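Following: one structure in structure tokens, then a few remarks.
Basis for what follows: all heavy atoms, side chains included, without hydrogens, waters or symmetry-related copies. All values derive from a computational prediction rather than experimental measurement.
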Amino acid sequence: MRNYRIPALLLIPCLLFIGGCRKAETGAERRHEIRPRIVSLAPSVTEMMFAIGAGEHLVGRTTACDWPAEAAKVPVAGAFGRPSMEMLASMHPDIVIDVDLEEERNSSKIKDLNIRTERIVCKNPDDIPGAIRTLGKLTGHQRKADSLAGVIENGLAGFRKKNLLRAEKPLVYLEIWDDPFWTGGKDSYTSALIAYAGGRNIGDAVRKEYFEISQEWVIEQNPDIIACMYMSKETPAAAGVMQRTGWHHISAVRHKKVFDGFDNSLFLRPGPRVLEGITQMERLIEKK
């Protein structure tokens, strides 16, 4: 029986061909893994995506996703928490990322379209670095995500250390809306933001995220600082507060520490600009 042997020189091209095919296949798989088409259903997620250099992955966003300016170029897939299934289907995303949905059954509808869903929830500033790292892994931008997450962690640690030295922590009333009156409770993101800035949220008396309040309740709490998170159509929001009946007894009104004109996304939206939001709140607290 003859022993047939394939000459080594003939084997080399075969091995290179097989190896090349495997490499090409692996490369394609890798590109699919690290360059997914993503629809963001939350402004905070959209901000974080752009902040880590992954904005190019976005094929859809919500009407509330207004930062950064480049986000306006991304097609709209619906409102915040209320995606359009037709629009989602037409965008052919690999992943849809949300923080909350107005109707939870929409999550099942998205999965029925054979689209992967991810939920990234940030309840307070401490959750932001982890959310950024998660997005880094999902998009293949881990290095930049880790770097940004580290900057935010160090910044938050600096604010915590500074607050330990504060002798006084003034009471802050964040007026999110005035018709009806709404503010953030103890479980809200805004409460944590105020704490990092060196203040105390009057809403901490209530174990909720956001809730409706009365004018009498605000007067009773007697905040030292009032920050209005909305734009008034007629007179400036701060001027309107100063003119309210019975509010002249409040410390913030007496000492003219009522403020408006903010970019409310810095205070109400957990995202990569969190340190900027805390810094602005800290300036209000320290303002003489």
Task: Worked verdict on V96 versus R116 for side chain to side chain contact (heavy atoms under 4.5 Å, CB included) - done: CA-CA 6 Å; V96 170; R116 174 182 169 189; over 6 Å; no

Show the atom names and distances, to 0.1 Å, of all donor-acceptor pairs under 3.5 Å that link a side chain in residues 259-271 to residues at least two apart or in another chain.
{"unit_1": "D260", "atom_1": "OD2", "unit_2": "A237", "atom_2": "N", "d": "3.2"}
{"unit_1": "D260", "atom_1": "OD2", "unit_2": "A238", "atom_2": "N", "d": "2.9"}
{"unit_1": "D263", "atom_1": "OD1", "unit_2": "S265", "atom_2": "N", "d": "3.1"}
{"unit_1": "D263", "atom_1": "OD1", "unit_2": "S265", "atom_2": "OG", "d": "2.6"}
{"unit_1": "D263", "atom_1": "OD2", "unit_2": "S265", "atom_2": "OG", "d": "3.2"}
{"unit_1": "D263", "atom_1": "OD2", "unit_2": "R273", "atom_2": "NH1", "d": "3.3"}
{"unit_1": "N264", "atom_1": "ND2", "unit_2": "M229", "atom_2": "O", "d": "3.1"}
{"unit_1": "S265", "atom_1": "OG", "unit_2": "R273", "atom_2": "NH2", "d": "2.8"}
{"unit_1": "R269", "atom_1": "NH1", "unit_2": "E47", "atom_2": "OE2", "d": "2.8"}
{"unit_1": "R269", "atom_1": "NH1", "unit_2": "D66", "atom_2": "OD1", "d": "3.0"}
{"unit_1": "R269", "atom_1": "NH2", "unit_2": "D66", "atom_2": "OD1", "d": "3.1"}

Return the minimal non-hydrogen interatomic distance between [X] and [Y], and the atom names on each side.
| X | Y | answer |
| --- | --- | --- |
| L174 | M281 | CD1-CE, 3.6 Å |
| I285 | G198 | CD1-C, 3.9 Å |
| R133 | A149 | CZ-CB, 3.5 Å |
| I97 | I38 | CD1-CG2, 3.8 Å |
| T139 | A54 | OG1-CB, 3.8 Å |
| I226 | A252 | CG1-CB, 3.7 Å |

Open item on the list: With a 4.0 Å cut-off on N to O distance, would you call E118 and K137 a salt bridge?
Closed with: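 No, no charged N to carboxylate O under 4.0 Å.
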
Open item on the list: Any salt bridge linking R37 with D94? Criterion: basic side-chain nitrogen under 4.0 Å from a carboxylate oxygen.
Closed with: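 Not counted as a salt bridge, because no side-chain N and carboxylate O are separated by less than 4.0 Å.
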
Judged by atom type as modelled, is there a donor-acceptor pair below 3.5 Å linking the side chain of [X] to the main-chain atoms of [Y]?
| X | Y | result |
| --- | --- | --- |
| T279 | L275 | yes |
| T134 | G130 | yes |
| K257 | K287 | yes |

Would you give the length of the straight line joining atom [atom1] of [X] to atom [atom2] of [Y], rounded to the nearest 0.5 angstrom?
| X | Y | atom1 | atom2 | result |
| --- | --- | --- | --- | --- |
| C228 | E175 | SG | CD | 5.0 Å |
| R200 | S191 | CZ | OG | 11.5 Å |
| I194 | I202 | CD1 | CD1 | 8.5 Å |
| K162 | L164 | NZ | CG | 12.5 Å |
| I219 | H248 | CD1 | NE2 | 9.0 Å |
| T117 | I110 | OG1 | CD1 | 6.5 Å |

Open item on the list: Assess the residue pair N201 and V172 against the criterion (side chain to side chain contact (heavy atoms under 4.5 Å, CB included)); give the C-alpha distance rounded to whole Å, side-chain angles, the decisive distance to 0.1 Å, and a yes or no.
Closed with: CA-CA 5 Å; N201 175 35; V172 179; 5.7 Å; no

Open item on the list: For N163 and R160, which I'm curious about, is there any donor-acceptor pair between the side chains at under 3.5 Å?
Closed with: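 Side-chain D/A pair, N163 to R160: absent.
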
- [ ] Decide whether E282 and Y196 meet the rule of one side-chain donor and one side-chain acceptor closer than 3.5 Å.
- [x]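 Distance-only check fails for E282 and Y196.
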
[X], [Y]: one ILVMFWY side-chain cluster at the under-4.5 Å cut-off?
| X | Y | value |
| --- | --- | --- |
| F80 | I95 | yes |
| L41 | L113 | yes |
| V76 | I115 | no |
| V74 | W67 | no |

Open item on the list: Quick one, D127 with V121, criterion side chain to side chain contact (heavy atoms under 4.5 Å, CB included). Give me CA distance, side-chain angles, the key distance, then yes/no.
Closed with: CA-CA 8 Å; D127 295 333; V121 182; over 6 Å; no

Using a 4.5 Å cut-off on heavy atoms from C-beta on, say whether the side chain of [Y] contacts that of [X].
| X | Y | answer |
| --- | --- | --- |
| P36 | L138 | no |
| Y189 | C122 | no |
| D179 | Y230 | no |
| H249 | N222 | no |

Task: For L135, the option from H141, M49, H57, Q142 that meets side-chain contact (heavy atoms from CB on, under 4.5 Å) - done: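 Between L135 and the candidates, side-chain contact (heavy atoms from CB on, under 4.5 Å) is satisfied uniquely by M49.
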
Open item on the list: Which residue is it: I213, V218, T190? I am looking for the one with a side-chain contact (heavy atoms from CB on, under 4.5 Å) to T183.
Closed with: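 Of the listed residues I213, V218, T190, the side-chain contact (heavy atoms from CB on, under 4.5 Å) partner of T183 is I213.
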
Task: Listed partners of Y210 passing ring-ring contact (aromatic ring centres under 6.0 Å, His included), at least two apart - done: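 By the ring-ring contact (aromatic ring centres under 6.0 Å, His included) rule, Y210 matches no residue at all.
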
- [ ] Look at the aromatic rings of Y173 and W247 and report parallel, tilted or perpendicular, splitting at 30° and 60°.
- [x]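 The rings of Y173 and W247 sit tilted, inter-plane angle from 30° to 60°.
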
Open item on the list: Taking atom CZ as the centre, does R254 end up with more than 12 heavy-atom neighbours from other residues, nucleotides or ligands that are less than 6.0 angstrom away?
Closed with: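 For R254, atom CZ is crowded (more than 12 foreign heavy atoms under 6.0 Å).
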
TODO: Can you establish whether the number of heavy atoms outside K109 located under 6.0 Å from its atom NZ is more than 12?
DONE: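 Count over threshold, so yes.
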
Task: Residues which pass side-chain hydrogen bond (donor to acceptor under 3.5 Å, both in side chains) with T63, listed by chain and number, not counting sequence neighbours - done: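 So T63 forms no side-chain hydrogen bond (donor to acceptor under 3.5 Å, both in side chains) with any residue.
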
